Amino acid sequence: DPDRSWWKESVVYQIYPRSFNDSDGDGIGDLRGITQKADYLDELGIDVVWLCPVYDSPQEDNGYDIRDYRAIDPEFGTMADWEALRDALHDRDVRLVMDLVVNHTSAEHEWFQRSRREEAGYEDYYHWVEGSPDEPPNNWESFFGGSAWSYDETRGAWYLHLFHGNQPDLNWRNPRVRESVTELIRWWLDKDVDGFRMDALNPLSKPAGYPDGDPDGDVVGEEQFFNGPRLEEYLSEIVETTSGRDAMTVAEMSHTDVDTAASYLGDDGVGLGMLFQSAHMEVDAGPDGIWDPSGPGEFDLPTFKRVMDRCQEGLRGRGWNAVFLGNHDQPRIVSRFGDDGEYRRESATLLATFLLTLSGTPYVYQGDEIGMTNAAFESLDEIDDVETIGAVEALTRRDGVDSFADVAHLVNYWSRDHARTPMQWSDEAHAGFTDGDPWFPVNDNYGEINVEKERSREDSVWHYYRRLIELRHDTDALVYGEYDLLLPDHPSVYAYTRTLGGERLLVVLNWSDAAATFEPEAIEPEAIEPADVETLAGNYDESPTDPMSSAFRPYEAAVYQI
Ligand code: ISL
């Protein structure tokens, strides 16, 4: 069947190498550390590892600022270590997907160094605009706060950086830039990688003349540089380079509506395999985006369902989904969407049920399989994340913030550092992450929440993830079945069916800390026959055997065959 493919049937596990496992005691997670955990990954049952950037980098944005695409950063090890990791994964039938960051490079990349000196052939590798050093070329803002332009004294011109000042944007209008990217994609494919997660693809194409953006936009300029005039052409070139290589492609494309997303996906579109949309990452933002001082907003379940549905229903027959709830840029999922106190186990397993039974390839972020939680930050000195630091600086300039207390609610809600605390392996010093001093402090709760403890208990979050991953592998309807939402307006029950041919599954999630019932009329006209219901999974000892006439307990989740 041409519609089937290995990456649709896979569960992906995302590794943030810096925080995963340190093998040499320097406090920074590394490639050998990951290889040491290859059996761990295999036992969890995942199929693909997406490895966040491990390339040579000054690490100002933890590797998303690449200095050399063909070298491994010494902090993470050597190319031989990378090859050993690849082989250890492949030996276990786990595939390896690399992060491809080609919207920008590090300012220390040789291309930028040559470009700022206007060396022949490199003049137009980046977006340069001449003009007075007092006045940036337009009003675009960086995602990390402040103007998206910096003035370079060496060249005497402005350069564009949608992210940090040390992350200049590549000029994709220049065919030599695109050739360079094509070459490096081929180079990694020849090293036997199984695909790419492609960072920040939607802003690749900047409109000629760099027109001003709407000054009231969340990020000023976004309507100019997101999904820009030549984006489809650039994406096609990337797809062309990866095609015929059995590679998985997943593009990160925030701010892309479902119709635009569909146009980039599959054989009827540009041909990308799947893409990460981010609308559901903003349901709890303030009115003016995530760093709005009045935020964060409330998490409202019916709104969340509507937003999820835009991709779940909206891509039906038009493209394959990439399903995620958390990653290295987001708060911890149990703290954000569940309850990291009394119902931590129940809500973490409810979220696992959700993630692993939706339509699309699920992405599990490291640590979520043991229900890791947010940290608590008490001052800006505890923050490492460039986005948080930039956002607080912008708030200070604009909104007159003058103490941490004014922004503590935002930082403690949104900081990307929550997801970057080291992986909690055991109750030993530094959670068994390192023998040295960790680059970022381990969450205080590691004695309570760690892999060793989770694995020793059958009713743990970890074992639940393992079982649900196995269920997904064994159940075609969970992969290829049609998704239909039930009860769109129910304030606390999230329920849906997955149907493939004659097989039908029902997923019921009580997304609250109070008991709730699932009303059967929702599934008319075909009423469910209690006698035919079989429970496939549940996060309490015994799930209700008749979903229609039972109360679901706090954060109870169950999967039925009906
Ligand atoms: O648009 C956004 C902010 O409103 C983001 O979703 C943006 O697309 C996202 O931050 C891109 O993230 C990726 O690229 C960044 C890096 O810092 C992140 O860690 C990475 O996931 C720059 O390379």
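Just so it is clear, the model here is predicted, and its values are computed rather than measured.
Taking S23 as the reference, D30, R32, Q36 meet the side chain to side chain contact (heavy atoms under 4.5 Å, CB included) condition, with sequence neighbours excluded. Listed by chain and residue number, nothing satisfies the salt bridge (Lys or Arg N to Asp or Glu O under 4.0 Å) test with D65 (two or more places apart in sequence, or in another chain). By the side chain to side chain contact (heavy atoms under 4.5 Å, CB included) test, Y413 pairs with D284, P296, R336, sequence neighbours left out. By the side chain to side chain donor-acceptor pair (under 3.5 Å) test, Q366 pairs with no residue at all, sequence neighbours left out. Every residue two or more places apart in sequence or in another chain that forms a side chain to side chain contact (heavy atoms under 4.5 Å, CB included) with A262 is listed here: L315, R318. Residues passing the side chain to side chain contact (heavy atoms under 4.5 Å, CB included) test with S5 are W7, K8, sequence neighbours excluded. Take Y69 and apply the ring pair (Phe, Tyr, Trp, His ring centres under 6.0 Å) test, not counting sequence neighbours, and it matches H109, W111. Partners of Y264 according to the ring pair (Phe, Tyr, Trp, His ring centres under 6.0 Å) rule, which considers only residues two or more places apart in sequence or in another chain, do not exist here. For W188, the ring pair (Phe, Tyr, Trp, His ring centres under 6.0 Å) criterion is met by Y55, W82, not counting sequence neighbours. With sequence neighbours left out, the ring pair (Phe, Tyr, Trp, His ring centres under 6.0 Å) criterion links H280 to F324.
For residues 212-221, no pair satisfies salt bridge (Lys or Arg N to Asp or Glu O under 4.0 Å), with sequence neighbours left out. A salt bridge (Lys or Arg N to Asp or Glu O under 4.0 Å) check over residues 178-195, counting only residues at least two apart or in different chains, returns the pairs E83-K191, R178-E233, R178-E237, D190-R245.
Heavy atoms of other residues, nucleotides or ligands lying less than 6.0 angstrom from CD of E240 number 12 at most.
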